[in-house]
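Below is one structure, written out as structure tokens, with a few remarks after it.
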Amino acid sequence: MEEILKNLNPRQKEAVTTINGPLLILAGPGSGKTRVLTHRLAYLIANNIAPENILAVTFTNKAANEMKQRIAKLIGEKIYAPLIGTFHSICLKILRKEIDKLGYKKSFVIYDEDDQLSVIKKIIPELEINKDQFPPKKAAAIISGLKSEFIDYATYAENAREYFEKTMSRIYSAYQNELKKNNALDFDDLIMLTIKLFEKFPETLNKYQEKFQYILVDEYQDTDPIQYRLIKLLASKNRNICVVGDDAQSIYSFRNADFRNILNFEKDYPEAKVITLDQNYRSTQNILDAASKIISKNKYQKPKNLWTENPAGPLISIISTWDEKTEAELIAQKIEELKKQGFKLKDFTVFYRTNAQSRAIEETFIRNNIPYKLIGATKFYQRKEIKDLISYLKFIATEDLISLERIINIPPRGIGEITFEKIKRLGLKKATKEKPEINKFYTLIRDLKKKSEKLSLSQLLKLVLEETDYRNYLKKTYGGNVLANDIPEDEARWQNIQELVNVCSDYDKIEPPQGLYEFLEKTALFSDADEINEQKDLVHLMTLHTAKGLEFSVVFISGCEEGILPHSRSLINPLDVEEERRLFYVGITRSKSHLYCIFAQRRSNWGQKEANPPSRFLTEIPQELISFEEFYKKEGGDLIDF
DNA sequence: CCATAATTCTTTTTT
DNA sequence: AGAATTATGG
């Protein structure tokens, strides 16, 4: 117990020890939020609250895992960790147990973004809808938006009046039917169906209300209406609900997150206690001053008063560069310089507004031999070769149509569109007599399926690679193509597959075929932030959104230009600009000491050069905190003339 | 059915 | 500019 309460300031201590009733913790950046959360969970357990009666919701799986580890350390003895996870992973757990009540099989599959899109792409022509009027991506976004507000297709159809809504509602219901037919759920369904389950079966809700007597939600400012509703349902009985967040760090309104959820907490729970954590332990005084000044420009927010006992630290460096290439050069050069002062590679990070910006930086880092890790962008599990192989595994496990469509002719085995239609009509087994190629494929899958019950996961994957002659397929399709880092493309893709084999071998100790199922479960909910690994000595490259919750000694924010940050799409709406400002605020408050904000005089966008003025956010930093530099050197070292 | 050529899209941010 | 999708000819 002493261990748990040691090294906490009075407010933190209060937040840790107030265990009953609703509690709102307003936690500014660097205020020791994670510390408070883990200590609070440990404190609950130390006070004889059974771990299984605790539910903690985090924003990423990585945060969940870290929290579990830290609690184990604090408690010392071997305990079962409480249920800690993201909204999606928690709902997945509940649905795996209960979803049969809603008419799905418990073995349901999860469709990711790509899968969703292929479903919609298939549906739109079937419904004879013009795909230029209803672009599949847009339709997918609308459906996801509706689900985040808990509007199902029936409700939407009832209220559809105009042509657009009526057509959209046809797409929505056809989409949902298709998913149901395949016993599939998309990300939003995980939460939506959990609520449906609870609302339709009060005794089930009651069971979980009694189970989760103590609920904790992190990053509460980024909850959307459906998540809000879920938490409200679960917490309504015991009202031991603790939420943590910071309205100034709300950056997900584009996917319907609503920071008013945090501002209204006291209305939802009038008896709530509110604790504000405003001492910053992370950043220098200069950085904190700049951050406070910037965020104060936002109209819609709770006023804050962040303070720190840290030293002033170096000035904030604002640097003007020639273009995105010199920008990257500059970052590389600064990293080399600071490394000589004793900084490690893992102390550095580069943030950008859009993933596309990472390219120039990546190329420069490769050229300068700076080891780096790119987070997000072309996500590992989205790469073609990885998705192909996971689709094989998925089809072996669940026989869903989307996976089948993906693998049926990869590598090419003479089964085209027309033949595939036949298979869909007759089913794979019956279609075998239509064409010898189908029979061959059927036998392949049947044998793999059989083997999957005995082989460990990595062995199974290796067998798939062997049986499909996948390496040769890569050579045929990508051979001869050489990537920016001088590696042949087929070789690079093969390396990715080796990495996948490595990941799979982590599941080898789990009894087959259970290992396969657990692997598929994990990969389905994998997120960008989960791949961040502080142990490795690398420079991390990521979007500002992914940066939330992290900290680094040296932070570079690239592309501080109007139209980039704030993004051009946000400029129409002042509320959106406020969100961009929060994004910038999140970015700068990640820094412990050194902060570089860089803008380029020109930048290629879509293969076209454009010139943008420096970001308005830079002008919001007080002059006396800034040191300004210009960097217009070309690779050869010549100065460029204006 | 499949390899190549032509074309059209992409870039906001993501669980 | 580069990737992804679709059209074309074999």
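Basis for what follows: all heavy atoms, side chains included, without hydrogens, waters or symmetry-related copies. Keep in mind that what you see is a predicted model, and the values were worked out from it rather than measured. Reminder, nothing fancy here: chain letters follow the sequence lines and each chain counts from 1.
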Fill in the blank from the handout: The single option from Glu327(A), Gln608(A), Glu610(A) that satisfies side-chain hydrogen bond (donor to acceptor under 3.5 Å, both in side chains) with Arg603(A) is Glu327(A)
Exercise for the section: Tell me whether Phe254(A) is stacked on the nucleobase of dT13(B), counting only the six-membered base ring and applying the 5.5 Å and 30° thresholds. Expected result: yes
Handout entry: Atom CZ of Arg260(A) with >12 non-hydrogen neighbours under 6.0 angstrom
Key = no
Exercise for the section: Count the heavy atoms of every other residue, nucleotide or ligand shown that sit under 6.0 Å from NZ of Lys122(A), and state whether that count exceeds 12. Expected result: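 Yes, the 6.0 Å shell around NZ holds more than 12 heavy atoms from other groups.
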Picking from [options], which would you name as closest to the side chain of [X]?
X	options	value
Ala356(A)	dT14(B), dT11(B), dT13(B)	dT11(B)
Arg255(A)	dC1(B), dT15(B), dT13(B)	dT15(B)
His545(A)	dT10(B), dG2(C), dT13(B)	dT13(B)
His567(A)	dT12(B), dC1(B), dT11(B)	dT12(B)

Practice task
By nearest nucleotide on DNA chain B, pick out whichever of Gln227(A) and Lys137(A) is the more 5' one.
Solution key: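 Its nearest nucleotide being more 5', the pick is Lys137(A).
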Exercise for the section: Could you pick out which residue, Leu583(A) or Lys476(A), lies toward the 5' side of DNA chain B when each is mapped onto its nearest nucleotide? Expected result: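 In this pair, the answer is Lys476(A).
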Handout entry: Whole-angstrom distance between dT6(C) and dT11(B), as gauged at atom P
Key = 16 Å
Problem - Same-atom distance (C1') from dT5(C) to dT12(B), integer angstrom - result: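 Going atom to atom, C1' in each nucleotide, I get 23 Å.
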N or O in side chain of [X] less than 4.0 angstrom from [N] OP1/OP2:
X	N	answer
Thr419(A)	dC1(B)	yes
Thr543(A)	dT12(B)	no
Asn355(A)	dT14(B)	yes
Lys121(A)	dT5(C)	yes

Is any NZ, NE, NH1 or NH2 atom of the basic residue among [X] and [Y] found under 4.0 Å from an Asp or Glu carboxylate oxygen of the other?
X	Y	result
Glu98(A)	Lys93(A)	no
Lys394(A)	Asp115(A)	yes
Asp152(A)	Lys196(A)	yes

Just checking [X]: base, sugar-phosphate only, or nothing, at a heavy-atom cut-off of under 4.0 Å?
X	value
Thr546(A)	sugar-phosphate
Lys384(A)	sugar-phosphate
Asn409(A)	sugar-phosphate

Distance, rounded to the nearest Å, where [X] contributes [atom1] and [N] contributes [atom2]:
X	N	atom1	atom2	value
Glu610(A)	dT10(B)	CD	C1'	14 Å
Lys325(A)	dA1(C)	NZ	C1'	10 Å
Asn605(A)	dC9(B)	CG	C1'	14 Å
Met542(A)	dT14(B)	CE	P	11 Å
Ile143(A)	dT14(B)	CD1	P	21 Å
Asp218(A)	dT15(B)	CG	P	15 Å
Glu363(A)	dA1(C)	CD	P	13 Å
Lys122(A)	dT5(C)	NZ	C1'	18 Å

Check the orientation of [X] and [Y]. Use parallel for under 30°, tilted for 30 to 60°, and perpendicular for over 60°.
X	Y	value
Tyr172(A)	Tyr156(A)	tilted
Tyr596(A)	Phe556(A)	parallel
His545(A)	Phe254(A)	perpendicular

Problem - Strand-adjacent residues in residues 84-99 of chain A, judged by heavy atoms under 4.0 Å from DNA chain B - result: Thr86(A), His88(A)
Practice task
Indicate, yes or no, whether a donor-acceptor pair under 3.5 Å links the base of dT12(B) to the side chain of Arg569(A).
Solution key: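 Result: no qualifying N/O pair found.
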